[in-house]
2 protein chains.
Amino acid sequence: MDQPDRRQSADGPAGGAPLRRRGKALEAAIFEAALDQLTSGGFARMTMEGVAGAAQTGKAALYRRWASKADLVMDALVAAMPPPTGIPDLGSAEAELRHVVQGYIVVLNSRLGAAVRTLMGELDHERAEFFKGFLHERVVEPTAAGILGILRRGEARGDVRKGAAVSTVADVMPAMLLYRAKFCGGVCDEEFGEELLGQVLLPMVRP
Amino acid sequence: MDQPDRRQSADGPAGGAPLRRRGKALEAAIFEAALDQLTSGGFARMTMEGVAGAAQTGKAALYRRWASKADLVMDALVAAMPPPTGIPDLGSAEAELRHVVQGYIVVLNSRLGAAVRTLMGELDHERAEFFKGFLHERVVEPTAAGILGILRRGEARGDVRKGAAVSTVADVMPAMLLYRAKFCGGVCDEEFGEELLGQVLLPMVRP
DNA sequence: CCGATAGTGAACGCAACCGTCTTTTAGGGT
DNA sequence: ACCCTAAAAGACGGTTGCGTTCACTATCGG
């Protein structure tokens, strides 16, 4: 149904070519533009005009697909999210926690992560209701579930203290990373991940 | 114009009270109204008209005092904040941490706490720059410093593990409370404080 | 080759709300 | 008592950006 031969190829971003995409190709460009705008300026500064302009299309194409700005943002995030991946048994809680922490940090520093962070930090009362369930279900919940799995496995294995496999403990990692990202200049590199692991997570769960 | 009976023309529950305040009294009423609006509807829904109306005054009185909505909010928060109180030596790190956690929870559930939480969760890119320094200096920094003091004292006393007196560890408590308040329905009661203490903070710092 | 479908681009209406300004009135200093 | 300043109340203009609509045109299926 779609020809790989696209006229937009490479001879100039704004070369004046007609560039009329349809269906999935256009939708992908719109998502791209929406994530860019969301990442760089936040939800408030992202405008439908801006997205349409950056995607080289018009607002009508947007409103034919989504009823509102919020709907567009949600779909753009969903489309960019990889399916949650299970954590394999790596033999020790330390290795598994390290795996999750470093993976989380990578995601947090990706463009998707920046968009999600921006969005989370910018929800007024009405948007909050709209996005909170989504964020909880797609971001918070899977993370906590994964860590809880690690803790249970470690409890059975013996390298996690008995009784530590509870949601309060599982929440520490995401809470720390988001707190850091939000209030301390956003420096969430691998080094911080190691410190978090060594100073907080491992001491907290050791038997 | 010859009839002096224009005291209060509308639904005023004030009922013939001294409707025309000045100076400090008026300012206090404005702060009150601003905090109310901020708490109930968030920063976006708080409007200058709304604050003026709730304070039974006009916008002119607001703009004579503050250059913008953001300035008003900041002053209202500063005026409502109690001076930071030092943590006394209670003999054990557990007692001192419990003291801080429960104190933090009380503040978080007060009207001031609700206003601060709302504000933190709703900062678009331009406001963020404006408020971030303020929040860090007045909220995040003092809290971390207080906990760091507890950790150092405990380290010297021997009931806190060596090397735990670092900011990453000190940040765990506020990070957890804010994460909870923001993403998990806002249930931050004393019971949760005890669980946080027993499952996270004490295991993390025990020698 | 042709008609249906969908994208383009721009104009418009509309609502919210900021910040200014004006008019009338009350308090309080002197 | 008098006058000056500040307050109350609201009208006003300006900006922003959402969401709609319209005329036109490229692309695709048949």
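Naming convention: chains lettered A, B, ... in sequence-line order (proteins, then strands); numbering from 1 in each chain. Here the structure is a predicted model, which is why all the values come from computation and not from measurement.
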Round to a whole Å and report the spacing from [atom1] of [X] to [atom2] of [N].
| X | N | atom1 | atom2 | result |
| --- | --- | --- | --- | --- |
| E49(A) | dA11(C) | CD | P | 12 Å |
| F43(B) | dC17(C) | CZ | C1' | 12 Å |
| Q37(B) | dA16(C) | CD | C1' | 15 Å |
| L62(B) | dG10(D) | CG | P | 15 Å |
| K24(B) | dA7(D) | NZ | P | 13 Å |
| I30(B) | dA9(D) | CD1 | P | 12 Å |
| K59(A) | dT21(D) | NZ | C1' | 11 Å |
| R21(B) | dA8(D) | CZ | C1' | 10 Å |

Give, for atom CD1 of I147(B) and atom OG1 of T143(B), the distance between the pair rounded to the nearest 0.5 Å.
6.5 Å
SB check [X] [Y] (cutoff 4.0 Å):
| X | Y | answer |
| --- | --- | --- |
| E194(A) | R98(A) | yes |
| D71(B) | R65(B) | no |
| R180(B) | D171(A) | yes |

Please classify the nucleic acid contact of A52(A) as base, sugar-phosphate, or nothing, using heavy-atom distances under 4.0 Å.
nothing
Determine, stepwise, if the pair Q199(B) / T168(A) fulfils side chain to side chain donor-acceptor pair (under 3.5 Å).
CA-CA 7 Å; Q199(B) 289 288 353; T168(A) 306; over 6 Å; no
Of A67(A) and G58(B), whose closest DNA chain D nucleotide lies nearer the 5' terminus?
G58(B)
Are [X] and [N] close enough that a side-chain N or O sits under 4.0 Å from OP1 or OP2?
| X | N | result |
| --- | --- | --- |
| R65(A) | dG7(C) | yes |
| Y63(A) | dT20(D) | no |
| R64(B) | dA6(D) | no |
| K69(B) | dC18(C) | yes |
| R22(A) | dT5(C) | no |

Give the nucleotide from the list dG7(C), dC17(C), dG17(D) with an atom nearest to the side chain of L26(A).
dG7(C)
Nearest to the side chain of A60(B), heavy atoms from C-beta on, is which of dA26(D), dC18(D), dA9(D)?
dA9(D)
